[in-house]
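Just so you know, residue 1 is the first one in the sequence shown, and it goes up from there. Heavy-atom basis, side chains included; hydrogens, waters and symmetry copies ignored.
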Amino acid sequence: MAERGVSSPGVSSSGVSSPGALSPRAREEAIGAMRGLPAGSELDVLVVGGGIVGAGTALDAVTRGLSTGLVEQRDLASGTSSRSSKLVHGGLRYLEMFDFALVHEALRERGLLLTRLAPHLVRPVPFLYPLTHVGWERPYVGAGVTIYDAMAMLGARSPQGGGQTGLPHHRHLTRRGVRRIAPDFDTSKIAGAIQYWDCQVDDARLVLDIARTAAAHGAHVAPRVQVTGFLREGERVVGVRARDLEAPPTSPERDLEIRARVVVNAAGVWTDEIQEMAGGRGVLNVQASKGIHLVVPRDRIRSESGFILRTEKSVLFVIPWGRHWIIGTTDTPWDLDKAHPAASRTDIDYLLDHVNALLREPLRHEDVEGVYAGLRPLLSGESEPTSRISREHTVVTPVPGLVMIAGGKLTTYRVMAYDAVDAAAHSLSATSGVTVRPSITDRVPLIGAADWETRQNQRVLLSRRSGLHVARIDHLLGRYGGLVDDLLALVEARPELGKPLVGAEDHLAAEVVYAVSHEGARHLDDVLTRRTRISIETFDRGVSAAPGAAALMAGELGWDADRTADEVDHYLRRVEAERQSQLMVTDQEADEARVVARDIV
């Protein structure tokens with residue numbers, strides 16, 4: 001069915017253009033550009049996986065001058081990369097594991113993201129580390145946080161650093177000081193606290209901006225294209241067989257071949273499946289670890305700071321998140337459905353029990369707005385518990401022409417990406433004589449970073465010109481950065497889009513339309529779960545917003561009434577399946593309840 005008025009890859013139905021727009025037409029053209037490339041004109045690098053590492057790898061490759069494609073079997077960031085704790089941090093707990101190199105590397109990347117690469121998305125957040133023992137604990141923890149701050153400063157001053165950390169230093173607090181900052185904290189159980197600073201980010205939007213930046217530099221980005229096999233010439237991998245999941249089942253163009261000199265697998269927890277498909281030795285042992293998070297309204301905990309708690313298994317974060325708190329996480333093995341990890345009642349009780357141990361007024365199940373579960377792809381030994389596995393990453397070449405990367409963490413995605421492309425460059429040099437330039441992504445700001453600070457200074461002026469409240473402008477700036485101009489142009493062209501989205505009044509209708517025209521959204525799930533966080537930030541999990549959002553998408557994608565109703569019905573079924581899974585005691589029962597609602601494609 002024809003899609004409404006899409007005339008070019010970067011132009012929406014309202015004529016709003018933007019570099020790197022992932023419009024429906026741009027997806028078609030990306031698939032067309034990659035389909036059936038003859039020998040000699042194949043891609044230099046094809047990335048499999050549209051999470052944080054895959055998107056980062058595509059950006060690294062294309063900015064080195066390599067012809068690059070990216071395919072993802074579902075939506076961008078639909079797996080682990082939209083279900084994290086949403087922290088950009090060094091990882092205090094890794095200091096206790098003496099993993100100084102990982103902490104130093106992560107802190108350097110934190111500074112780069114905050115000050116240079118994505119200042120529109122990454123923002124500082126304070127944490128309290130409560131001290132429960134008198135005497136030895138304050139100097140012990142204080143020394144660790146001092147090292148943490150010092151490493152951040154050293155990382156900022158390194159050749160690849162941003163020159164500054166962008167964050168305050170830690171400070172020591174008495175119990176009285178804690179009460180002033182966090183009135184709902186039960187200070188009778190602590191001897192004081194240390195306040196330190198880290199950063200947070202909307203992980204799905206970070207992935208999206210990286211992918212859009214790669215597309216703006218010439219990468220072909222195609223979500224919902226599933227790899228079904230590898231093309232081989234002898235032992236060497238020379239591309240993939242793939243399926244366009246959005247194409248009709250009977251379409252002759254549903255199946256395609258994409259040829260590439262090097263294929264980089266960045267499939268996260270699906271690494272083992274890709275290894276098996278490639279027929280190579282199982283050189284990477286990736287273990288999936290489930291982490292769940294709760295979202296509760298901000299007014300349920302009176303505090304100006306987040307906090308971090310030690311548990312018997314790992315650490316627990318209580319993180320400020322706009323008008324909400326994010327509470328997480330668990331750390332348990334998961335060997336069930338990887339596409340839809342489920343949070344059980346046991347998981348939820350675990351988090352509530354631990355956070356309630358330090359609150360004056362305990363949280364109840366009725367306080368929980370949203371729940372989400374994700375899987376961490378951890379490189380592991382056979383007998384290690386997942387909570388003790390480090391977050392280092394590994395790059396291997398199991399067969400010629402195929403690079404695989406696994407492990408790591410959100411904060412260090414850029415390092416993982418350039419290590420993967422370095423491995424691809426080695427292969428290109430050996431087989432094609434291609435000389436590949438070094439990575440430059442430490443100096444490539446993401447789309448939206450440009451003009452963000454200027455637009456922040458102009459927030460009142462933008463409010464007057466657009467007729468939107470300053471709070472609305474602040475909201476848009478925090479999500480789109482300098483691309484706020486696109487949203488305001490859309491509202492100017494279609495004033496009805498300047499109204500709040502019914503059922504999710506924190507968002508404008510324009511954000512739904514923009515998600516389709518510029519951000520690659522193809523289904524209602526994409527908009528309510530990843531382009532926005534309505535699915536976890538409203539008590540009804542986005543049910544009341546679904547019809548209005550689907551109607552807006554229908555106008556952009558040419559859906560008829562039946563298709564629009566199907567999208568809403570699928571979303572409602574997914575929400576109900578998740579609610580049922582969260583009543584179950586065991587992982588097995590939760591998984592069985594959740595997989596009842598499968599992906600719409």
Side-chain angles (χ1 to χ4, degrees), residues 8-10 20-50 54-55 57-73 76 211-247 251-267 274 277-280 397 399-405 417 420-421 423-437 520:
S8 69
L22 301 179
S23 65
R25 177 66 62 82
R27 179 183 178 276
E28 292 177 7
E29 294 190 356
I31 293 173
M34 293 188 288
R35 181 191 299 273
L37 291 169
S41 59
E42 63 266 52
L43 296 170
D44 292 320
V45 175
L46 175 67
V47 181
V48 178
T57 300
L59 177 58
D60 190 284
V62 76
T63 53
R64 296 196 200 197
L66 300 174
S67 58
T68 304
L70 181 150
V71 294
E72 158 59 44
Q73 67 176 341
L76 294 171
R212 288 191 62 184
T213 306
H217 289 292
H220 306 297
V221 178
R224 289 196 167 84
V225 173
Q226 180 184 32
V227 171
T228 58
F230 287 94
L231 303 176
R232 309 289 282 264
E233 291 182 358
E235 287 297 309
R236 185 172 187 83
V237 169
V238 295
V240 302
R241 290 187 296 276
R243 178 165 294 159
D244 178 1
L245 299 180
E246 294 289 346
S251 171
E253 296 190 345
R254 182 171 170 83
D255 293 316
L256 63 149
E257 293 184 352
I258 304 173
R259 298 183 65 86
R261 293 184 173 92
V262 180
V263 176
V264 177
N265 173 60
I274 298 294
M277 189 185 298
T397 304
V399 295
L402 176 64
V403 172
M404 305 191 76
I405 182 163
V421 179
H426 178 77
S427 178
L428 288 169
S429 176
T431 59
S432 306
V434 175
T435 300
V436 180
R437 295 177 179 274

Exercise for review: Keeping to residues at least two apart or across chains, list the salt bridge (charged side-chain N to carboxylate O under 4.0 Å, His left out) pairs with something in residues 424-437.
Suggested key: none

Practice item. Determine yes or no for a side-chain-to-main-chain donor-acceptor pair under 3.5 angstrom, with Ser41 supplying the side chain and Leu37 the backbone. Key: no

Exercise for review: Give the C-alpha distance, both sets of side-chain angles, the deciding distance and a yes or no for side chain to side chain contact (heavy atoms under 4.5 Å, CB included) between Val403 and Val262.
Suggested key: CA-CA 7 Å; Val403 172; Val262 180; 3.9 Å; yes

Study note, to complete from the structure: dist Leu402:CG -> Glu235:CD (nearest 0.5 Å) comes out at 12.0 Å

Check your understanding: Can any side-chain N or O of Thr431 pair as donor or acceptor with the backbone N or O of Ser427 at less than 3.5 Å?
Key -> yes

Check your understanding: Can you tell which of Val47, Val227, Ile31 makes a side-chain contact (heavy atoms from CB on, under 4.5 Å) with Val71?
Key -> Val227

Practice item. Begin with the C-alpha distance, continue with both residues' side-chain angles, and end with the deciding distance and a verdict on side chain to side chain contact (heavy atoms under 4.5 Å, CB included) for Leu70 and Thr57. Key: CA-CA 9 Å; Leu70 181 150; Thr57 300; over 6 Å; no

**Study point:** Nearest-0.5 Å distance, CD of residue Glu29 to OG of residue Ser23
**Key:** 7.5 Å

Exercise for review: Mind checking the CD-CG spacing from Gln73 to Leu245? Nearest 0.5 Å is all I need.
Suggested key: 7.5 Å

Point to revise | Listed partners of Glu233 passing salt bridge (charged side-chain N to carboxylate O under 4.0 Å, His left out), at least two apart | key: Arg259

Check your understanding: Does the side chain of Leu43 reach to within under 4.5 Å of the side chain of Ile258, using non-hydrogen atoms?
Key -> yes

Practice item. Go through the structure and list residues passing salt bridge (charged side-chain N to carboxylate O under 4.0 Å, His left out) with Arg64, not counting sequence neighbours. Key: Asp60, Asp422

Check your understanding: Passes side chain to side chain contact (heavy atoms under 4.5 Å, CB included), Asp244 versus Arg27? Steps please.
Key -> CA-CA 11 Å; Asp244 178 1; Arg27 179 183 178 276; 2.5 Å; yes

Review point. Met34 versus Leu46: any side-chain heavy-atom pair under 4.5 Å?
Key: yes

Exercise for review: Answer yes or no: is there a donor N or O on one side and an acceptor on the other, between the side chain of Thr228 and the main chain of Arg241, under 3.5 Å?
Suggested key: yes

Exercise for review: Output yes when a side-chain donor or acceptor of Arg254 lies under 3.5 Å from a complementary backbone atom of Ala247, and no otherwise.
Suggested key: yes

Check your understanding: Side chain of Glu42, backbone of Ala260: donor and acceptor closer than 3.5 Å?
Key -> no

Exercise for review: Under the side chain to side chain contact (heavy atoms under 4.5 Å, CB included) rule, what do Val263 and Val240 come out as? Steps first, then yes or no, please.
Suggested key: CA-CA 8 Å; Val263 176; Val240 302; 4.2 Å; yes

**Study point:** Residues which pass side chain to side chain donor-acceptor pair (under 3.5 Å) with Asp44, listed by chain and number, not counting sequence neighbours
**Key:** Ser67, Arg261

Distance-only check: which donor-acceptor pairs under 3.5 Å involve side-chain atoms of residues 215-222, not counting sequence neighbours?
none

Practice item. Taking only Lys NZ, Arg NE, NH1 and NH2, and the carboxylate oxygens of Asp or Glu, determine whether Glu246 and Arg224 approach each other closer than 4.0 Å. Key: yes

Check your understanding: So which heavy atom on Ala26 is nearest to which on Ala21, and how close?
Key -> CB-O, 3.6 Å

Point to revise | Closest non-hydrogen atom pair, Ile274 against Ala267 | key: CG1-CB, 4.0 Å

**Study point:** Backbone N/O of Val434 and side chain of Ser432: donor-acceptor pair under 3.5 Å
**Key:** no

Point to revise | Arg212: partners by salt bridge (charged side-chain N to carboxylate O under 4.0 Å, His left out), with sequence neighbours left out | key: none

Exercise for review: Report yes if the side chains of Val264 and Val421 come closer than 4.5 Å at any heavy-atom pair, otherwise no.
Suggested key: no

